[in-house]
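Order of the sequence lines sets the chain letters (A, B, ...), proteins ahead of strands, with each chain counted from 1. Values below: every heavy atom of this structure, side chains too, minus hydrogens, waters and symmetry copies.
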Amino acid sequence: MKLVTWNVNSLRARLKRVVAWLERHAPDVVCLQETKCPDDLFPARDLEVAGYRATFTGQKGLNGVAILTRIETTAAPVDVVTALPGTPRDPQRRFVEVVLPGEGGAEGLRVLCVYVPNGQAVGSDAYFYKLDWLSRLLAHLRTSHDPARPLVLCGDFNVAPTDLDVPSPEAYRDRLFATTPERRALGHLEAWGLVDALRARSPTGPGPFTWFDYAPGAVERDDGLRIDLIYATPPLVERLVEVTVDLDERRGDRPSDHAPVVAAFRP
DNA sequence: ATGGTCGGCATCCGA
């Protein structure tokens, strides 16, 4: 089973690249963030032609997430949730969750796809919204899910989990994406039972980075951040083969500013 | 030492 998480920075602007990528790699599960696409304009037909079912929630201009599943290999999603549980309802479209039923009574896979708020600047209202959003995500896991079951939580977390995930720990000390409260929030997710899949297989750094600024030369200088993460519960980590960052997809003509992160699992 | 680029939407904002 191959799963990818990818912040596409506008699905409609990226559609040709996304479809070409899906045809080249044939992933079974695809978690997309920043689709920037209202539901009535979501390119479901184009994705279906490419062989994928889509579960999505979006809004005009900003945010938006989707989970695509390969029709040929994957059962239709059930138990769909399209907003981060909790009150008040989050007005921003940043969360989608599905269950992919297993074959012949086998246990299914729960998939959560998130686009964590950026946070704008340390100490800003947006920063506290980000921390609050992460604590609501933790509360949802604690109240509704079980780390002993197969579950993946993946997406753009807008947090570099450790000093291995930034180019220079000194330069990033207490900066947005690397502050203690942001990292503590990820630490709580890990304490609940999630494992950072890439770091489990690639224990040294710095990097690999998944996001690079559009400013010229950022990719060549390897001046990025690792903020696109695949968290998995232990029964899935047991089946984890490898996790890779497709840096090629960050190059060339009009790429997203994020590279796809791909995890392969044994059946 | 500074600031560079995108996408969506409207001539600026968020990233």
Give a yes-or-no answer on whether the side chains of [X] and [Y] include a donor-acceptor pair shorter than 3.5 Å.
X: A:Asp46; Y: A:Tyr52; result: no
X: A:Asn9; Y: A:Ser256; result: no
X: A:Trp133; Y: A:Asp90; result: yes

Inset, instruction - Tell me, please, whether A:Phe209 has A:Arg226 positioned over its six-membered ring: NZ or CZ under 6.0 Å from the ring centre and within 45 degrees of its axis? - result: no
Inset, instruction - Specify the residue among A:Ala215 and A:Pro117 whose closest nucleotide of DNA chain B lies further upstream toward the 5′ end. - result: A:Ala215
Legend entry - Given DNA chain B, 5'-ward residue of the pair A:Pro216 and A:Tyr115, judged by closest heavy atom: A:Pro216
Inset, instruction - On the 0 to 90° scale, with breaks at 30° and 60°, tag the A:His145-A:His140 ring pair as parallel, tilted or perpendicular. - result: perpendicular
Legend entry - A:Phe157 and A:Tyr231 aromatic ring geometry - parallel, tilted or perpendicular at 30°/60° bounds: perpendicular
Distance in angstrom units between [X] [atom1] and [N] [atom2], rounded:
X: A:Asn118; N: B:dA15; atom1: CG; atom2: P; result: 5 Å
X: A:Gln92; N: B:dC13; atom1: CD; atom2: C1'; result: 13 Å
X: A:Asn63; N: B:dC13; atom1: CG; atom2: P; result: 17 Å
X: A:Gln120; N: B:dG14; atom1: CD; atom2: P; result: 6 Å
X: A:His258; N: B:dA15; atom1: NE2; atom2: P; result: 11 Å
X: A:Trp211; N: B:dG14; atom1: CH2; atom2: C1'; result: 13 Å
X: A:Phe157; N: B:dA15; atom1: CZ; atom2: P; result: 17 Å
X: A:Asp156; N: B:dG14; atom1: CG; atom2: P; result: 17 Å

Legend entry - Positions of residues 162-178 of chain A (non-hydrogen atom under 4.0 Å from DNA chain B), listed by number: none
Inset, instruction - Could you list by number each residue of residues 222-230 of chain A showing a heavy-atom separation from DNA chain B of less than 4.0 Å, or answer none if no residue does? - result: none
Inset, instruction - In sequence, state the C-alpha distance, the side-chain angles, and the governing distance for A:Leu141 and A:Leu112, and then conclude on side chain to side chain contact (heavy atoms under 4.5 Å, CB included). - result: CA-CA 10 Å; A:Leu141 290 173; A:Leu112 286 72; 4.1 Å; yes
Inset, instruction - Answer whether the closest heavy-atom distance between the side chains of A:Val261 and A:Val243 falls below 4.5 Å. - result: yes
Legend entry - pair A:Cys113-A:Phe95: side-chain heavy atoms closer than 4.5 Å: no
[atom1]-based separation of [M] from [N] [nearest Å]:
N: B:dG4; M: B:dC12; atom1: P; value: 16 Å
N: B:dC9; M: B:dC13; atom1: P; value: 16 Å
N: B:dG3; M: B:dG7; atom1: P; value: 23 Å
N: B:dC6; M: B:dA10; atom1: C1'; value: 16 Å

Inset, instruction - Just call it for A:Phe212: base, sugar-phosphate, or nothing, with non-hydrogen atoms closer than 4.0 Å on any strand. - result: nothing
Inset, instruction - Kindly say whether the aromatic ring centers of A:His188 and A:Trp192 come within a distance under 6.0 Å. - result: no
Legend entry - CG/A:Asp125: more than 12 non-hydrogen atoms of other groups inside 6.0 Å: no
Inset, instruction - Identify whether the distance between the nearest side-chain nitrogen and carboxylate oxygen of A:Asp257 and A:Arg250 falls below 4.0 Å. - result: no
Show the distances under 3.5 angstrom between N or O atoms of the protein and N or O atoms of nucleotides 7-12 of chain B.
| from | atom 1 | to | atom 2 | distance (Å) |
| --- | --- | --- | --- | --- |
| B:dG7 | OP1 | A:Arg14 | NH1 | 3.3 |
| B:dG7 | OP2 | A:Arg254 | NH1 | 2.5 |
| B:dG7 | O3' | A:Ser10 | OG | 3.1 |
| B:dG8 | OP1 | A:Ser10 | OG | 2.2 |
| B:dC9 | OP1 | A:Gly61 | N | 3.3 |

